Amino acid sequence: MSERKVRVRFAPSPTGPLHIGGVRTALYNYLFARQHGGDFIFRIEDTDSNRFVLGAEEYIIESFKWLGLEFDEGVGIGGDCGPYRQSERRDIYKHYVQELIDAGKAYYAFDTPSELEAKRAEVKNFQYDASTRMAMRNSLSMPADEVRGLIDGGAAYVVRFKIEPGEDVHVNDIIRGDVVINSSILDDKVLYKSADGLPTYHLANIVDDHLMRVSHVIRGEEWLPSAPLHVLLYRAFGWEDTMPQFAHLPLLLKPEGNGKLSKRDGDRLGFPVFPLEWHDPKTGEMSSGYREAGYLPEAVINFLALLGWNPGTEQEIMSLDELIRLFDLHRCSKAGAKFDFEKCKWFNHQYIQRCDDTDLARQMQPQMEAEGVTAPLDKVAKVVGMMKGRVSFVKELWDTCRFFFVAPTEYDEKTRKKRWKEESPRQMLELADVLEGIDDFSLHNQERIVMQWIEEKGYNTGLIMNAFRLAIVGEGKGPQMFDITEVLGKEETLRRLRRAVEVLK
RNA sequence: GGCGCCUUCGUCUAGUGGCCUAGGACGUGGCCCUCUCACGGCUAAAACACGGGUUCGAUUCCCGUAGGCGCUACCA
């Protein structure tokens with residue numbers, strides 16, 4: 001098995017919003033597919049009708065749209081291996097389950113859920129397997145005619161996989177190497193449920209991956225314990241020679257304490273664990289998303305890519321194309337990774353710096369308009385270019401840029417105490433006169449003339465500039481003063497300066 | 001409980017027997033830059049879980065212990 005075309009899939013269950021850990025799994029699948037010129041398949045695993053959540057599928061699709069990760073085939077796209085929604089593949093599974101039953105590799109079991117529950121309560125580590133199945137109610141322990149009668153009579157039953165005990169099952173994992181589990185510890189897994197007439201994940205998964213010609217199964221580590229079962233299923237169907245290669249990814253852990261990253265962590269620590277905002281249709285509660293929180297999809301992707309993988313160099317900022325080129329399953333780590341929200345923020349900061357100023361300016365427009373501020377786009381872009389270095393999120397941009405467009409109405413008290421001296425009003429008035437006399441209000445011209453004035457008067461540069469800043473900005477921060485005043489223009493600069501003198505005295 | 005996976009700075013990680021006085025990044029502190037605040041640059045503190053082996057030599061190989069995580073459903 002070698003020259004097969006690379007085909008991978010991302011197969012979530014529509015049980016709620018797409019978890020960020022799921023996004024990473026999808027990303028690794030995507031990178032792997034693209035690198036090998038393979039296909040990236042989108043399958044919906046909705047074999048548990050009880051956990052189905054309305055809108056989840058649409059949410060997942062929208063998430064990938066936002067992230068810029070495109071599928072080649074699957075739900076909503078099509079392809080020649082459809083349908084791609086498991087609930088629409090009932091007949092297919094039925095056929096394959098029957099095949100297993102006919103071959104004596106699976107059997108009917110009539111034990112009800114409550115009977116099993118009672119059994120588990122009664123026997124300490126009860127497991128439905130070779131050692132116990134003959135004492136249960138199934139087609140192995142009961143006479144054939146009784147079984148027939150039960151089925152014909154419409155009795156509820158499940159189909160269980162008959163696991164032969166005492167065999168070491170090897171799972172060759174790309175990330176973890178040879179993992180061996182003895183079949184005796186495996187139970188006779190339910191393959192087909194009585195409740196909703198649908199297969200369980202295990203059966204549907206194997207059948208679909210085979211029929212969809214999936215070459216590599218890249219999924220979370222939580223599946224590692226059931227991988228031997230999957231190997232046994234491939235073998236039972238006689239598909240072992242085309243069995244996909246496995247790669248079990250390390251889990252994403254809570255930022256603090258222990259355990260798997262969960263929705264609660266996001267709420268508690270105040271950061272999103274979902275790509276998009278999610279409104280639970282049942283409870284009505286809302287969970288924040290990366291998109292709404294102001295993250296750039298490229299930053300989220302870059303950050304996620306490095307959670308459990310690294311290129312082996314010291315490069316950390318990588319575009320999607322670079323990730324596709326550099327990604328390597330063999331370089332994935334084995335241990336779970338704690339989610340570091342601060343670093344994710346840093347990535348976003350980095351990506352904002354790489355954004356086009358005009359683009360950023362456009363994204364800021366709604367906030368400006370909300371405050372009734374209008375300004376030419378090129379001017380806004382210029383300001384944004386000056387200010388973006390100090391923000392981590394686009395939505396912080398307007399706050400840091402506002403003073404360019406809105407004159408201060410009040411002055412920061414701490415800065416006033418520190419920077420506004422007794423002589424400041426007089427000096428600022430003098431400065432206003434100096435500025436008024438400048439015809440060419442360009443940055444360099446202003447600087448030359450003002451500095452010359454400071455020197456002639458023997459003033460302290462810091463004192464002048466800081467008081468000037470307080471007057472123009474309203475507080476003690478911002479870019480170089482003449483960068484600001486050049487944008488403001490002479491008229492606005494003088495207006496702010498003279499008003500400050502009036503207010504601050 | 002059983003089974004499996006895992007274990008390098010607070011966090012993400014590099015490291016595949018000598019290059020390690022263990023490297024980078026986030027975060028934290030300091031310094032520089034400077035008209036302020038950021039950015040940036042420099043710098044500091046900060047880790048090989050523990051115990052046995054193997055070896056001339058172990059972060060690196062083996063065993064054990066501990067700890068963490070996962071699975072153990074007619075959920076995925």
Side-chain angles (χ1 to χ4, degrees), chain A residues 11-15 45-48 50-51 86 109 111-113 116-117 120 124-125 127-128 156-160 171 173 175-176 179-182 184-187 189-202 204-205 219-228 248 250-251 253 255-256 258-260 303 306-317 331 333-347 349 353 386-391 400 415 418-419 447 450-451 454 460-470 473 475-482:
Chain A
S13 291
T15 55
E45 309 216 327
D46 53 351
T47 53
D48 184 1
N50 296 321
R51 295 208 307 160
Q86 291 186 331
D111 320 271
T112 66
L116 287 169
E117 204 177 309
R120 291 195 182 95
K124 49 295 157 211
N125 291 313
Q127 180 168 285
Y128 209 120
Y157 64 83
V158 300
V159 176
R160 285 183 182 271
V171 177
D173 189 278
I175 297 172
R176 286 151 214 282
V179 177
V180 189
I181 292 181
N182 194 282
S184 297
I185 66 121
L186 264 24
D187 68 332
K189 271 276 173 294
V190 170
L191 260 23
Y192 212 76
K193 301 177 280 181
S194 68
D196 47 16
L198 278 166
T200 56
Y201 167 85
H202 304 290
N205 188 265
R219 66 206 334 180
E221 193 189 345
E222 70 267 29
W223 294 110
L224 191 54
S226 51
H248 288 93
L251 263 20
L253 274 17
E256 52 180 33
N258 302 310
K260 224 162 97 173
F303 170 66
L306 258 8
L307 234 40
W309 170 83
N310 75 81
T313 63
E314 285 177 358
Q315 183 182 7
E316 293 210 286
I317 303 292
R331 289 201 59 86
S333 42
K334 299 184 178 83
K338 287 192 181 186
F339 199 86
D340 185 356
F341 186 55
E342 280 301 326
K343 190 149 187 178
C344 187
K345 196 169 152 184
W346 176 79
F347 271 105
H349 176 263
Q353 305 324 305
M386 239 183 260
M387 303 300 284
K388 67 180 180 183
R390 49 194 80 207
V391 302
T400 65
T415 312
K418 195 173 175 189
R419 308 294 190 193
E447 180 165 29
V450 172
M451 286 308 174
I454 289 173
N460 177 297
T461 309
L463 212 97
I464 296 292
M465 298 309 283
N466 285 317
F468 187 22
R469 177 177 303 280
L470 177 65
V473 178
E475 44 189 329
K477 56 186 177 187
Q480 300 292 302
M481 274 316 293
F482 301 115

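These figures come from a predicted structure and were not determined experimentally. The sequence lines fix the lettering, A, B, ..., with proteins before strands; numbering per chain opens at 1.
Look at CE on M451(A): it is 7 Å from C1' on rC35(B), rounded to the nearest Å. To the nearest angstrom, P of rA73(B) lies 14 Å from OH of Y128(A). Taking atom NZ of residue K338(A) and atom C1' of nucleotide rG27(B), one finds them 15 Å apart after rounding to whole Å. For E117(A) and rU72(B), the CD to C1' distance is 16 Å, given to the nearest whole Å. Distance I185(A) CD1 to rG4(B) C1': 7 Å, rounded to the nearest Å. The distance between atom CG of L306(A) and atom C1' of rU11(B), rounded to the nearest whole Å, is 13 Å. Regarding L116(A), its CG atom lies at a distance of 15 Å from the P atom of rU72(B), rounded to whole Å. One atom, CG of N182(A), and another, C1' of rG2(B), lie 13 Å apart when rounded to the nearest Å.
Pairing for rA58(B) is absent, with no Watson-Crick or G-U wobble pair whose two atom distances lie under 3.5 Å. Using the Watson-Crick or G-U wobble rule with both distances under 3.5 Å, rG67(B) pairs with rC6(B). rU16(B) makes up no base pair with any nucleotide shown, lacking Watson-Crick or G-U wobble contacts both under 3.5 Å. For rA22(B), there is no paired base (Watson-Crick or G-U wobble, both distances below 3.5 Å). With a 3.5 Å ceiling on both atom-pair distances, the Watson-Crick or G-U wobble partner of rG40(B) is rC32(B).
Nearer to the 5' terminus of RNA chain B, by closest-nucleotide assignment, is the contact made by V179(A) (compared with the other of V179(A) and G478(A)). Place V180(A) and G336(A) on RNA chain B by their nearest nucleotides, and V180(A) ends up nearer the 5' end.
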Polar atoms only, N or O, under 3.5 Å: list the protein pairs with nucleotides 59-65 of chain B and their distances.
none

Can you check nucleotides 21-24 of chain B for protein contacts, nitrogen or oxygen pairs under 3.5 Å, and list what you find?
unit_1: rG23(B); atom_1: O2'; unit_2: E314(A); atom_2: OE2; d: 3.3
unit_1: rG24(B); atom_1: O4'; unit_2: E314(A); atom_2: OE2; d: 3.1

Heteroatom pairs (N/O) under 3.5 angstrom, protein to nucleotides 38-48 of chain B:
unit_1: rA38(B); atom_1: N3; unit_2: R390(A); atom_2: NH2; d: 3.3

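Using a 4.0 Å heavy-atom cutoff across all strands shown, G220(A) reaches no nucleic acid atom at all. Among the heavy atoms of the strands lying under 4.0 Å from R469(A) is at least one base atom, whether or not backbone atoms are also near. Across all strands, A337(A) comes closer than 4.0 Å only to sugar-phosphate atoms, never to a base (heavy-atom distances). Contacts of T415(A) with the nucleic acid, taken as non-hydrogen atoms under 4.0 Å apart, are absent. Using a 4.0 Å heavy-atom criterion, one finds that T313(A) contacts no nucleic acid atom at all. Looking at heavy-atom distances under 4.0 Å, V190(A) makes contact with sugar-phosphate atoms alone, never a base. Counting non-hydrogen atoms under 4.0 angstrom, S194(A) reaches a base of the nucleic acid. Using a 4.0 Å heavy-atom distance criterion, D173(A) is classed as making no nucleic acid contact. Across all strands shown, N466(A) has heavy atoms under 4.0 Å from sugar-phosphate atoms exclusively, and none from any base. No contact: P228(A) has no heavy atom under 4.0 Å from any strand. Within 4.0 Å of R120(A), counting heavy atoms only, lie sugar-phosphate atoms of the nucleic acid but no base atom.
No donor-acceptor distance shorter than 3.5 angstrom exists from the side chain of E475(A) to the backbone of T415(A), with no hydrogens or angles considered. Between the side chain of D111(A) and the backbone N or O of L116(A) there is no donor-acceptor pair closer than 3.5 Å. With Y192(A) contributing its side chain and G197(A) its backbone, the two residues share a donor-acceptor pair below 3.5 Å. The backbone N or O of G389(A) sits less than 3.5 Å from a side-chain atom of H349(A), completing a donor-acceptor pair. Using a distance-only test at 3.5 Å, with no hydrogens or angles considered, no donor-acceptor pair links the side chain of K338(A) to the main chain of L253(A). Side-chain atoms of K193(A) come within 3.5 Å of backbone atoms of T47(A) as a donor-acceptor pair (strictly under, hydrogens ignored). S333(A) places a side-chain N or O within 3.5 Å of a backbone atom of G308(A) that can act as its donor or acceptor partner.
Atom OG1 of T200(A) is separated from atom NZ of K189(A) by 8.5 Å, given to the nearest 0.5 angstrom.
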Does the pair F303(A) and F339(A) meet the rule for a ring-ring contact (aromatic ring centres under 6.0 Å, His included), with working shown?
CA-CA 10 Å; F303(A) 170 66; F339(A) 199 86; 5.3 Å; yes

Audit row: F347(A), K343(A), side chain to side chain contact (heavy atoms under 4.5 Å, CB included) steps and yes/no:
CA-CA 6 Å; F347(A) 271 105; K343(A) 190 149 187 178; 3.9 Å; yes

Is there a side chain to side chain contact (heavy atoms under 4.5 Å, CB included) between I317(A) and Q353(A)? Walk through the geometry before answering.
CA-CA 12 Å; I317(A) 303 292; Q353(A) 305 324 305; over 6 Å; no

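Checked against side chain to side chain contact (heavy atoms under 4.5 Å, CB included), E117(A) has no partners two or more places apart in sequence or in another chain. In this structure, the side chain to side chain contact (heavy atoms under 4.5 Å, CB included) partners of A11(A), at least two apart in sequence or on a different chain, are R9(A), R43(A), E45(A). W223(A) meets the ring-ring contact (aromatic ring centres under 6.0 Å, His included) test with Y201(A); sequence neighbours excluded.
For rC74(B), the OP1/OP2 oxygens have a side-chain nitrogen or oxygen of R160(A) closer than 4.0 Å. Taking 4.0 angstrom as the limit, R331(A) places a side-chain polar atom (N or O) nearer than this to OP1 or OP2 of rG15(B). At the phosphate of rC74(B), neither OP1 nor OP2 sits under 4.0 Å from any side-chain N or O atom of T200(A). An OP1 or OP2 oxygen of rU16(B) is reached within less than 4.0 angstrom by no side-chain nitrogen or oxygen of K334(A). Distances shown here put a side-chain N or O of N310(A) below 4.0 Å from the OP1 or OP2 atom of rA14(B).
For E342(A), the listed nucleotide lying nearest its side chain is rC26(B); candidates were rC12(B), rA76(B), rC26(B). Set against rU7(B), rA76(B), rC35(B), the side chain of A335(A) has rU7(B) as its closest nucleotide. Minimum atom distance to the side chain of L251(A) is reached by rC69(B), of the listed rG4(B), rC69(B), rA76(B). Listed nucleotides rC5(B), rC71(B), rA76(B) differ in distance to R176(A); the shortest reach to its side chain belongs to rC5(B).
The C1' atoms of rU21(B) and rC9(B) are separated by 16 Å, rounded to the nearest whole Å. Nucleotides rC74(B) and rG70(B) are separated by 22 Å at their C1' atoms, to the nearest Å. Between rU11(B) and rG18(B), the two C1' atoms lie 30 Å apart (nearest whole Å).
Among the candidates K334(A), R176(A), R219(A), E222(A), the single residue satisfying the side-chain hydrogen bond (donor to acceptor under 3.5 Å, both in side chains) test with H248(A) is R219(A).
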